[in-house]
Amino acid sequence: MSDHIEGTLTSSRIGRRRTGVGSRPASAVGYGDDAEETARRYEAVPFEVVHDDFLPWLPTAPSRVADIGAGSGRDAAALSALGHQVVAVEPTPELRDVAQRLHTEATITWVDDALPDLNSLRGTFDLILLSAVWMHLDEHERTEGMRRLAELVSPGGCVAISLRHGPVPAGRRMFDVSAAETIALAAPYGLVPVHHGEEPDVLGRTRVGWSNLVFRAEHHTKPGESR
């Protein structure tokens with residue numbers, strides 16, 4: 001582990017608010033029950049296909065990247081292969097174990113943490129990816145989570161968020177979160193939308209669609225502060 005990465009992390013198991021089963025955050029409940037099958041579905045579709053909308057916004061030079069809710073590790077591994085220094089945050093131990101087994105060749109620092117707190121992360125990142133994560137957070141968690149993302153993204157860096165719309169799968173915790181709400185929530189923190197795309201589900205699930213949002217960090221204004 002490089003000195004740079006070591007400076008990124010604190011203990012990954014302290015200081016986090018947990019509201020789910022045992023030590024699991026509420027947003028992660030259910031994902032450990034079928035981790036192998038969940039990982040198989042994720043890995044079946046390449047990073048470049050799932051995140052076609054985000055490709056133009058990836059850093060062109062080796063950069064510090066955080067993959068929040070990294071799941072099977074597909075995205076973290078693809079970003080690592082592009083030369084980026086990747087921290088993969090995944091609160092579900094079963095998924096994290098599968099991911100580390102699937103992507104042994106990739107240089108990834110795995111962290112047990114979750115939104116909204118992300119207390120384990122230190123420093124800033126040039127890209128923060130949240131793929132199919134944001135809609136798992138309730139209203140309070142989204143507000144706190146956006147504040148934390150604004151702290152973690154480098155000035156001029158990007159936050160890429162994909163939002164799932166459609167029926168909630170059995171055993172999952174999801175909320176109806178719109179792109180418009182997410183854009184409005186980001187505005188007071190200086191996160192400016194530079195891309196908004198809408199697309200159908202790449203797995204072909206009926207009544208499921210996605211919003212893809214990219215924000216650029218222009219400043220770190222907090223609500224109540226003057227610009």
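If you're wondering where the values come from, they're calculated on a predicted model, not measured in any experiment. Values below: every heavy atom of this structure, side chains too, minus hydrogens, waters and symmetry copies.
Contact between Ile108 and Ser80 at its shortest, heavy atoms only, is CG1-CB, 4.2 Å. In this structure, Val50 and Glu199 approach most closely via the heavy-atom pair O-OE2, 3.7 Å. Between Ser162 and Met135, the closest heavy-atom pair is O-SD, 4.4 Å.
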(message) Applying side-chain contact (heavy atoms from CB on, under 4.5 Å) to Phe125 and Val87, what does each step give before you reach the verdict?
(response) CA-CA 9 Å; Phe125 297 86; Val87 176; 3.9 Å; yes

(request) In sequence, state the C-alpha distance, the side-chain angles, and the governing distance for Phe54 and Leu129, and then conclude on side-chain contact (heavy atoms from CB on, under 4.5 Å). (result) CA-CA 9 Å; Phe54 293 156; Leu129 174 64; 3.9 Å; yes

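With a 6.0 Å radius and a threshold of 12 heavy atoms from other residues, nucleotides or ligands, Glu139 has its CD atom at or below the threshold.
Remark: side-chain polar atoms of Asp126 are not paired, donor with acceptor, to backbone N or O of Gly157 under 3.5 angstrom. Remark: side-chain polar atoms of Arg207 are not paired, donor with acceptor, to backbone N or O of Gly166 under 3.5 angstrom. A donor-acceptor pair under 3.5 Å links the side-chain atoms of Ser178 to the main chain of Glu181, judged by distance alone. The backbone N or O of Leu121 sits nowhere less than 3.5 Å from a side-chain atom of Asp113 that would complete a donor-acceptor pair. Judged purely by atom type and a 3.5 angstrom limit, Arg173 uses its side chain to pair as donor or acceptor with the backbone of His136. A donor-acceptor pair under 3.5 Å is absent between the side-chain atoms of Ser211 and the main chain of Leu163, judged by distance alone. Listed for the Thr143 side chain is no donor-acceptor partner under 3.5 Å among the backbone atoms of Glu141.
Residues Trp134 and Met146 form a side-chain contact, since some pair of their non-hydrogen atoms from C-beta on lies under 4.5 Å apart.
Under 3.5 Å, the side chains of His165 and Glu198 contain no donor-acceptor pair of N or O atoms. Using modelled atom types and a 3.5 Å distance limit, the side chains of His195 and Asp53 yield a donor-acceptor pair. A donor-acceptor contact closer than 3.5 angstrom links the side chains of Glu90 and Thr92.
A cation-pi contact, defined as under 6.0 Å to the ring centre and within 45° of the axis, is absent between Arg74 and Phe47.
Cluster annotation: Leu185 and Ile161 are assigned to the same hydrophobic cluster (Ile/Leu/Val/Met/Phe/Trp/Tyr, side-chain heavy-atom contacts under 4.5 Å, transitive).
For the pair Arg148 and Asp117, the salt-bridge criterion is not met [side-chain N within less than 4.0 Å of a carboxylate O]. In summary, Glu36 and Arg101 engage in a salt bridge, as defined by a charged side-chain N under 4.0 Å from a carboxylate O.
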